[in-house]
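In this chain, numbering begins with 1 at the start of the sequence shown. Everything numeric here is computed off the predicted structure, so don't read it as measured data.
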Amino acid sequence: MLDDFMMRATLAGIGVALAVAPLGCFVVWRRMAYFGDATAHAAILGIALSLALSISVFAGAMAIALLMALTVNLLTGRGYAMDTLLGVLAHSALAFGLVAVSFLSGIRIDLMAYLFGDILAVSRIDLLVIWGGAALVVALIGWRWSALLTATLNEDLAYASGIDPRREQLVLTLALAITVAVAIKVVGVLLIAAMLIIPAAAARPLSRTPESMALVAAGIGSVAALIGLRAAYIFDTPAGPSIVCVAALIFAALSIAGSLRTSAS
């Protein structure tokens, strides 16, 4: 069954959708969209370093993504606005990564595959990494779910409940780094933030509880992966961007439907 490249691509897309769903909800609730984007951009530098050192691309990307996220946490509130800090770090890391790639001699690298994903080239080993990473992210978020929700709702309430918001931020940081490393092969560095945000944003008006929002986001992400892959196969379009386009269309359709219901009532 796994000899079929479309089957492997489908399983990879669903795996990424499951990983990004709960994390994407917290990204939306905490207004951390640019934070996810900055962490994803930093992964290009990790890819360049991993190729230069002949180590796993997954390990290199996750290490640099985690370093970027920890750096942002450390520098936040030290004289720079968050959006300014993220802008400087994100674009600097992306630029240094692209420059580092240009110095790699004797190594063939398809930069477009890392920027926009190459889900159709997913191997069995890649599937193990993707689903292993997805399981780790879901387990990590599930383990800290209540504490993360409390810290997201109100920091003072979190302190009163014996919860350290900084610790929960580190949990999200770790989960985000793993997700970025897992999703690079599927949608690429430049589209990871889109898959984090769009399914969660689309699920928000359909959900009454945080748990249902995470489940609906996972469903929307999985549907986007399935339809996007089918559309890419039929119309010969890039698979990663096609998945994001479908997710965006679902978000637009649900937003319009919600607006019409509001107007009618």
Distance-only donor-acceptor pairs under 3.5 Å for side chains of residues 232-258, two or more places apart:
| unit_1 | atom_1 | unit_2 | atom_2 | d |
| --- | --- | --- | --- | --- |
| Thr237 | OG1 | Ser242 | OG | 2.8 |
| Ser242 | OG | Pro238 | O | 2.5 |
| Ser255 | OG | Phe251 | O | 2.8 |

Under 3.5 Å, sequence neighbours excluded: what are the donor-acceptor pairs made by side chains of residues 136-148?
| unit_1 | atom_1 | unit_2 | atom_2 | d |
| --- | --- | --- | --- | --- |
| Arg144 | NE | Glu168 | OE1 | 3.2 |
| Arg144 | NH2 | Glu168 | OE2 | 2.6 |
| Trp145 | NE1 | Glu211 | OE2 | 2.9 |

Residues 115-122 side chain polar contacts: donor-acceptor under 3.5 Å, at least two apart:
none

Can you give the donor-acceptor pairs under 3.5 Å from side chains of residues 89-104 to other protein atoms, not counting sequence neighbours?
| unit_1 | atom_1 | unit_2 | atom_2 | d |
| --- | --- | --- | --- | --- |
| His91 | NE2 | Tyr34 | OH | 3.4 |
| Ser92 | OG | Val88 | O | 2.5 |
| Ser102 | OG | Val99 | O | 2.5 |

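The shortest distance between side-chain heavy atoms of Trp131 and Val182 does not fall below 4.5 Å. Ile14 places a side-chain heavy atom less than 4.5 Å from the side chain of Leu226. Residues Trp29 and Cys25 meet the side-chain proximity criterion, which asks for heavy atoms closer than 4.5 Å.
Grouping Ile, Leu, Val, Met, Phe, Trp and Tyr by side-chain contacts under 4.5 Å, direct or through others, leaves Ile163 on its own. Hydrophobic cluster of Ile55: the remaining members, joined at side-chain heavy-atom separations below 4.5 Å, are Leu53, listed by chain and number. Leu153 belongs to a hydrophobic cluster whose remaining members, ordered by chain and number, are Leu157; membership requires side-chain heavy atoms of ILVMFWY residues under 4.5 Å apart, directly or through intermediates.
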task = Tell me, with the steps shown, if Leu176 and Leu172 meet side chain to side chain contact (heavy atoms under 4.5 Å, CB included).
result = CA-CA 6 Å; Leu176 184 59; Leu172 285 179; over 6 Å; no
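Screening residues 179-227 for ring-ring contact (aromatic ring centres under 6.0 Å, His included) gives no qualifying pairs among residues at least two apart or on separate chains. Listed by first and then second residue, the side chain to side chain donor-acceptor pair (under 3.5 Å) pairs involving residues 10-28 amount to none (not counting sequence neighbours).
The side chain to side chain donor-acceptor pair (under 3.5 Å) search around Ser259 returns none, not counting sequence neighbours. Remark: Thr152 engages Arg30 in a side chain to side chain donor-acceptor pair (under 3.5 Å) (not counting sequence neighbours). Partners of Thr173 under the side-chain contact (heavy atoms from CB on, under 4.5 Å) rule, at least two apart in sequence or in another chain, are Phe35, Leu66, Ala69, Leu70, Asn73, Gln169.
Crowding of Arg167 atom CZ: a count of heavy atoms from other residues, nucleotides or ligands under 6.0 Å exceeding 12.
Leu18 and Ile220 end up in different hydrophobic clusters when Ile, Leu, Val, Met, Phe, Trp and Tyr side chains are linked at under 4.5 Å.
Looking at every heavy atom in both residues, Ala194 comes nearest to Pro199 through O-CD, 3.7 Å. When all heavy atoms are compared, the tightest approach of Pro205 to Ala201 is CD-O, 3.4 Å.
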